[in-house]
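Data block below; observations after.
On a predicted model such as this, the values are computed, not experimentally measured, just so you know.
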Amino acid sequence: MIEQELLNSPIPVERHDLPNGRWYSPTEKYWEEHFKDAPIIYKRSSTTHENVLDKGIGFHTWLGNANSYEDAMQYANHRARIGTIVHNYCERLLRGAELDFEKEPKWHDKETDELVPITREIIKYIMSFQQFCKDMQVNGEFTTEALEICMFDLSADTEGNQLHNWAGTADWVVRLVNKKGEEERWLIDFKTGKPYPAHQLQLTSYKILWDSLFPDKPIDGLACLYLKSGWRKTPNAQFKKHAFDPKTWKKVVGLSEWQQSPVPAFPMDLPTTFSLTEEEEEQELKESA
């Protein structure tokens, strides 16, 4: 692995997890500096747009067999947290960090401020990723160009309409050496779950954003790296290539925008101070007027 300065998004971004999905927007500071008099632009995440797609018979069977919807969502959130933890440690390894779970046996969840124990399952996922990287180095060094890069593109047409009404975060952009000895730039998403057809569209959406933001560094290939924890003796992972399919992706975005609310559902600001005295005084003033 060759170390180099990693690319960052040209537009600093904020993420908003809301009742109607995940949204992205430029930071307030960036917007004030560049578009002070214009209303800030919010865009749904690629994965929120994907919610319009049917998840298949396997998902519906699992959901129907659950004791309750609440139990099913609790389990889904548990699996999502494991995925977040594994993503985080894979990123640390690619940044050159050394992991020592004897010294740090728990992961700090910054959103909830919880300390989550590192389980054997998590360690086996990380071993799966480590083995994949070792196998890649057999063909030659690989060069990481970006990690966890939030992509928000403000490209517009001549009438000012946004060309890309979505945003997203790419896990790993890396230059690899193919079997012919040629270097290619790949956009790879880490997965701890099973393969789903929608993953192709998620990667497609990221390539469109990346190629627009970094036109001199186009993506050559798309893949999901399905990490494994069920192996017994030898760690392994599935590197699954996906074809670029912008036509289908834009149909998904169109259906999503037709079906879902066009604006983020921010919670209403509530008062933080209360007093009955003020209301009594206002009533007295009305009566004396």
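A continuous path of ILVMFWY side-chain contacts below 4.5 Å connects Met127 to Trp172, so both sit in one hydrophobic cluster. Linking ILVMFWY side-chain heavy atoms closer than 4.5 Å, directly or via other members, places Val86 and Leu115 in two distinct hydrophobic clusters. A single hydrophobic cluster is not seen to contain both Tyr69 and Ile57; linkage of ILVMFWY side chains at heavy-atom distances under 4.5 Å, directly or through other members, places them apart. A continuous path of hydrophobic side-chain contacts links Trp231 to Phe190 [ILVMFWY only; heavy atoms under 4.5 Å]. Cluster annotation: Leu203 is connected to Leu209 through the hydrophobic network of ILVMFWY side chains, with a link wherever side-chain heavy atoms come within less than 4.5 Å.
From Ser45, atom OG reaches atom CZ of Arg22 across 6.0 Å, with rounding to the nearest 0.5 Å. Separating the OG atom in Ser229 from the CD1 atom in Ile126 is a distance of 11.5 Å, to the nearest 0.5 Å. Atom CD in Gln259 sits 9.0 Å away from atom CG in Asn51 (nearest 0.5 Å). The distance from atom CD1 of Ile188 to atom NZ of Lys191, rounded to the nearest 0.5 Å, is 13.0 Å. The structure places NZ of Lys241 at 13.5 Å from SG of Cys224, a figure rounded to the nearest 0.5 Å. The structure places CG of Leu147 at 5.5 Å from CG of Leu94, a figure rounded to the nearest 0.5 Å.
Figure legend: Lys55 and Tyr196 shown without cation-pi pairing, the cationic atom not lying both under 6.0 angstrom from the six-membered ring centre and within 45 degrees of its axis. Under the 6.0 Å distance and 45° angle rule, Lys43 does not count as a cation-pi partner of Trp23.
When only modelled atom types and interatomic distance are considered, His108 and Asp113 share a side-chain donor-acceptor pair under 3.5 Å.
Smallest separation of non-hydrogen atoms from Ala265 and Asn20: N-OD1, 3.0 Å. Nearest heavy-atom pair, Ala72 versus Trp62, reported as atom, atom and distance to 0.1 Å: O-CH2, 3.4 Å. Contact between Ile41 and Phe152 at its shortest, heavy atoms only, is O-CZ, 3.5 Å. Contact detail for Thr48 and Gln260: the closest heavy-atom pair is O-NE2, 3.6 Å. Minimum heavy-atom separation, Gln238 to Pro195: OE1-CG, 4.0 Å. Shown here for Ile219 and Lys207, the closest heavy-atom pair between the two residues is O-NZ, 2.8 Å.
A donor-acceptor distance shorter than 3.5 angstrom exists from the side chain of Ser128 to the backbone of Asn236, with no hydrogens or angles considered. Remark: side-chain polar atoms of Ser256 are not paired, donor with acceptor, to backbone N or O of Val252 under 3.5 angstrom. With Glu148 contributing its side chain and Ala170 its backbone, the two residues share no donor-acceptor pair below 3.5 Å. A donor-acceptor contact shorter than 3.5 Å is absent between the side chain of His34 and the backbone of Lys29. With hydrogens and angles ignored, the 3.5 Å screen pairs a side-chain donor or acceptor of His87 with a backbone N or O of Gly83. Put simply, the side chain of Asn65 gets close to the backbone of Thr61: a donor and an acceptor are under 3.5 Å apart. Asn178 places a side-chain N or O within 3.5 Å of a backbone atom of Glu182 that can act as its donor or acceptor partner.
Only one option out of Phe244, Phe239, Tyr206 pairs with Trp186 in a ring pair (Phe, Tyr, Trp, His ring centres under 6.0 Å); it is Phe239.
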Any chance you could lay out the side-chain hydrogen bond (donor to acceptor under 3.5 Å, both in side chains) test for His60 and Asp54, step after step, and finish with the verdict? CA-CA 9 Å; His60 295 302; Asp54 186 81; 2.9 Å; yes
Please step through side chain to side chain contact (heavy atoms under 4.5 Å, CB included) for the pair Arg175 and Phe142, ending with a clear verdict. CA-CA 6 Å; Arg175 296 205 306 273; Phe142 60 87; over 6 Å; no
For side chain to side chain contact (heavy atoms under 4.5 Å, CB included), just list the numbers for Ile85 and Val116, CA-CA rounded to whole Å, side-chain angles, deciding distance to a tenth of an Å, and then say yes or no. CA-CA 9 Å; Ile85 293 171; Val116 183; 3.8 Å; yes
Tell me, with the steps shown, if Asp245 and Thr248 meet side-chain hydrogen bond (donor to acceptor under 3.5 Å, both in side chains). CA-CA 6 Å; Asp245 189 359; Thr248 302; 2.7 Å; yes
Run the side chain to side chain contact (heavy atoms under 4.5 Å, CB included) check on Thr84 and Trp107 step by step: do they pass? CA-CA 10 Å; Thr84 298; Trp107 179 77; 4.1 Å; yes
side-chain hydrogen bond (donor to acceptor under 3.5 Å, both in side chains) for Ser212 and Asp153? Distances and angles first, verdict last. CA-CA 7 Å; Ser212 181; Asp153 183 28; 2.6 Å; yes
For Glu184 and Leu176: C-alpha separation, side-chain torsions, deciding distance, then whether side chain to side chain contact (heavy atoms under 4.5 Å, CB included) applies. CA-CA 5 Å; Glu184 298 175 334; Leu176 306 175; 5.5 Å; no
Stepwise, does the side-chain hydrogen bond (donor to acceptor under 3.5 Å, both in side chains) test hold for His199 with Tyr226? CA-CA 11 Å; His199 294 163; Tyr226 295 98; 2.7 Å; yes
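Under a 4.0 Å N-O distance rule, the pair Arg15/Asp17 qualifies as a salt bridge. A salt bridge links Glu114 and Arg81; the closest N-O separation between the charged side-chain nitrogens and carboxylate oxygens is under 4.0 Å. By the 4.0 Å N-to-carboxylate-O rule, Glu121 lies close enough to Arg79 to be salt-bridged with it.
Put simply, the side chain of Ile123 does not reach to within 4.5 Å of the side chain of Tyr89, judged on heavy atoms. No side-chain heavy atom of Met151 sits less than 4.5 Å from a side-chain heavy atom of Tyr24. Using a 4.5 Å heavy-atom threshold, the side chains of Leu227 and Cys90 count as touching. With a 4.5 Å cut-off on side-chain heavy atoms, Ile11 and Leu154 count as touching. Put simply, the side chain of Arg185 reaches to within 4.5 Å of the side chain of Trp210, judged on heavy atoms. In this structure, the side chains of His16 and Tyr42 come closer than 4.5 Å at one or more pairs of heavy atoms. Between Leu6 and Glu145 there is no side-chain heavy-atom pair separated by less than 4.5 Å. Annotation: side chain of Lys240 is in contact with side chain of His242 (closest heavy-atom distance under 4.5 Å).
Between Phe35 and Tyr30, the two ring planes are tilted [angle within 30° to 60°].
Checked against the 6.0 Å centroid criterion, the rings of His164 and Trp166 qualify as a close aromatic pair.
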